[in-house]
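Everything below concerns the one structure shown next.
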Protein chains: 2
Amino acid sequence: MGRTPSNRPTLARVAERAGVSVSTASLAFSGSGPITPETRDKVFAAATDLGYTGPNPLGRQLRRGRSGIVGVVIGDHPGRAFRDPVAVQVLDGLVDVLGTEGLGVLLIPGVDLGEDTVDPLLETAAMDVAVLVWGVLTDDPTLAALQRRSVPVVVGEGRAVEGSPLVELEDRAGAAEAVRHLVGLGHTRIAEISLPFGRGERSGPVDAERLACADRTPTAHRMAGIRDVVDPVITWETPASLVEHGRDAATEILGTWVPADERPTAIVAHSDLLAAGAVIAARELGLRIPEDVSVAGFDGLDLPWLSPDVLTSVHQPLRDKGMKLGQAAIDLIAGREPTSVSLPVGLVPGTTTGPAPAR
Amino acid sequence: MGRTPSNRPTLARVAERAGVSVSTASLAFSGSGPITPETRDKVFAAATDLGYTGPNPLGRQLRRGRSGIVGVVIGDHPGRAFRDPVAVQVLDGLVDVLGTEGLGVLLIPGVDLGEDTVDPLLETAAMDVAVLVWGVLTDDPTLAALQRRSVPVVVGEGRAVEGSPLVELEDRAGAAEAVRHLVGLGHTRIAEISLPFGRGERSGPVDAERLACADRTPTAHRMAGIRDVVDPVITWETPASLVEHGRDAATEILGTWVPADERPTAIVAHSDLLAAGAVIAARELGLRIPEDVSVAGFDGLDLPWLSPDVLTSVHQPLRDKGMKLGQAAIDLIAGREPTSVSLPVGLVPGTTTGPAPAR
DNA sequence: CGGTGTCATCGAATCGATTTGACCATGCCG
DNA sequence: CGGCATGGTCAAATCGATTCGATGACACCG
């Protein structure tokens, strides 16, 4: 029995005070259903008397069988996930769209706690649908936990999941376009700075064996797109899409890795943050951009602090992607069959790419 | 009656199948209470047979009277709020601490929809407690909505609210310390770039009348701290803590506002992002840092892209602040009396401040 | 052998709402 | 005036779990 008496007024108490039945009082609040204005006013008056501020969401949710909550699994600690402007813009679109339907976003850290242990929220929190924003790995414990609970899932960016809508970007085509741009400018020695591969964070040059491990998307897609056009002279793996990692990688690639006359003349990075780090590294090494080295990114972020350089980048509709994810979630809740979509991307040239140096 | 039959197994069905009572089955899952291992196994076996994956959170929540959800009101559209690294770090600490208690974070846009209309989530979503991360304004409609529903509130950074714990930083002392540092270096013409004042975003120089409108914290506190030491020769208001706004402000302050021989020799900004913008503006104007102009910020962010400059800044324990907010929320839920705290800050000198130019 | 205590299990109340179908006045029509 | 809609109101079932107090079995002790 209720340990705590919880003297909060309930709909029943309001009804009693208004001299009507509970069902009538409910009708007054829900707005739907026939009710005379006088009765409604009577109920509202009783409610304000008692300090009742509307139906208890918990009761309503149980009855309805819906929580009105969308679980959003962010692939990492929030502190890391949100440091990435890409993540932030997607989330923005997502929250916006869900808000129009009165749905709330519950943040769920998707961090792997080791040995297939996942965040308890995945196991116990109430949610009508979950959105896996950063794609899924093979044998993803996060996905497994949700499927066990038969929570419908929307997957962003990555491997398709049986029965779940997928929202992705044309990563492969975009990456190919960026490299084609560089090749068109005469570059032949092109280095690649890549996003994380999957489980197990590493940084450093990548050999053929490691190359086969690229599990995470969009990494794998962007790698494929680049290789559709040219084979990079080197691929440098990074542990996260952060400026400092791009800087470290480019410092090695441009500085110590090979003699200056074999130095790559262009760098294509899997993300704008990595590319920005490469620009900074080049500056620090006294290299001119784009005269000595060209840098292309991916994401189409607005990076005012890179001034006066403007990054050449593959623009992607991030906010739109978030909105599509949200729409898919809404469709799933409504029982509609959502469709997978692939959003277009496009190269936007900036000032960081130019003709290859004459040698 | 249930329109949708919802063929999901329930605890009752599991109990029936296991040949025990519902209460016993509940005991088996909750883990608390005496129960023989055989009975427990019988229940679990029946559960796996039926594909039952644990108690429905909605039923549990209603019974318990707790949703296990903490509403976090972010002061703006998430797209803007999360672009601020300060916000992100606080949120990170918050999510972390709440996660240890199995509590989830529900994101609530605190954006003002005009005429005292707030996000519907504030009115209807289930939450055990709300955290107002970015402080409250006077007559904050957000706060009003929560109080109407008698949702307990934790306030971060700002005006204290009757009956709610407050977690803040020693903004005033920190700002004073930064300015004292500049004065100690011989600076006398110090300009201030300020965070937004409150309702109604503006940008530009501030006169005495506008100065009195500073409603939002920490703006007001940092302004006070600065004035504890010196009166700025000019205060420039910005609409948000973003690099581009700092850049715009500093371009005006250092470039066109006064003749070069009256130019301020130092800029103190209310945030690191604004300060970084000022550094970039100075570079663009061909001014050397710190020889021609010194720049001090506030937040203690790690800004690798500002390389080779390292910002002089007032360091604040952001993640820790998030954790303290979370702890206060946990205390409130548990019925404990949480205490307000004020976290210490400290100046960390970088390379962007130096002796005032000889004139 | 009766009394007492322990322990696993169960029955029933409860959390706070929504929703359906029944019910009872009306009002209208023929 | 009887029959039939119409429309507002209500009683009761239901959502899915938790938890209290009762029950019965069993062992132990005097």
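Here is how names work: the chains are called A, B, and so on, in the same order as the sequence lines, proteins then strands, and each is numbered from 1.
- One interatomic measurement links the two molecules: CG of B:Leu62 to C1' of D:dT18, which rounds to 10 Å at whole-angstrom precision.
- Applying the ring-ring contact (aromatic ring centres under 6.0 Å, His included) test to B:Phe29 and every residue at least two apart in sequence or in another chain returns B:Phe44, B:Tyr52.
- Counting non-hydrogen atoms under 4.0 angstrom, A:Thr10 reaches the backbone sugars and phosphates but no base.
- The CD1 atom of A:Ile74 lies 7.5 Å from the CG atom of A:Leu91; values are rounded to the nearest 0.5 Å.
- Remark: A:Arg148 engages A:Glu123 in a salt bridge, criterion side-chain N to carboxylate O under 4.0 Å.
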Could you walk me through whether B:Met127 and B:Leu146 pass the side chain to side chain contact (heavy atoms under 4.5 Å, CB included) check?
CA-CA 10 Å; B:Met127 52 188 134; B:Leu146 290 168; 4.0 Å; yes
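- For the pair B:Leu94/B:Met323, no side-chain contact is recorded, criterion being any heavy-atom separation below 4.5 Å from C-beta on.
- Protein atom CD of A:Glu16 is 14 Å distant from nucleotide atom P of C:dG16, rounded to whole Å.
- Put simply, CZ on A:Phe29 is 15 Å from P on C:dT19, counting in whole angstrom units.
- Salt bridge annotation for B:Asp128-B:Arg66: absent, with no cationic side-chain nitrogen under 4.0 angstrom from a carboxylate oxygen.
- Rounded to whole Å, the distance from CZ on B:Arg8 to P on D:dG16 is 9 Å.
- Listed for the A:Ser164 side chain is a donor-acceptor partner under 3.5 Å among the backbone atoms of A:Val153.
- In this structure, A:Arg66 atom CZ and C:dT19 atom P are separated by 11 Å, rounded to whole Å.
- In this model, no donor atom of one side chain and acceptor atom of the other lie less than 3.5 Å apart for B:Ser26 and B:Ser23.
- Between A:Arg64 and the phosphate of C:dT19, there is a side-chain N or O to OP1/OP2 separation shorter than 4.0 Å.
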Which dot-bracket notation, 5' to 3', represents the base pairing of DNA chain C when pairs are defined as Watson-Crick or G-U with both distances under 3.5 Å, crossing pairs as [ ], and inter-strand pairs as |?
||||||||||||||||||||||||||||||
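- A donor-acceptor contact shorter than 3.5 Å links the side chain of B:Thr48 to the backbone of B:Ala45.
- With hydrogens and angles left out, the side chain of A:Arg63 and the base of D:dT14 share a donor-acceptor pair within 3.5 Å.
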Sub-3.5 Å pairs of nitrogen or oxygen atoms, protein against nucleotides 7-9 of chain C:
{"from": "C:dT9", "atom 1": "OP1", "to": "B:Thr36", "atom 2": "OG1", "distance (Å)": "2.9"}
{"from": "C:dT9", "atom 1": "OP1", "to": "B:Thr39", "atom 2": "OG1", "distance (Å)": "2.1"}
{"from": "C:dT9", "atom 1": "OP2", "to": "B:Thr36", "atom 2": "N", "distance (Å)": "3.1"}
{"from": "C:dT9", "atom 1": "OP2", "to": "B:Thr36", "atom 2": "OG1", "distance (Å)": "3.4"}
{"from": "C:dT9", "atom 1": "OP2", "to": "B:Thr39", "atom 2": "OG1", "distance (Å)": "3.3"}

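- Summarising the geometry, the separation between CZ on A:Arg60 and C1' on C:dA17 is reported as 8 Å, rounded to the nearest angstrom.
- Nearest-nucleotide positions on DNA chain C place B:Val22 closer to the 5' end than the other of A:Leu11 and B:Val22.
- Checked by distance alone, A:Ser26 brings no side-chain donor or acceptor within 3.5 Å of a matching partner on the base of C:dA17.
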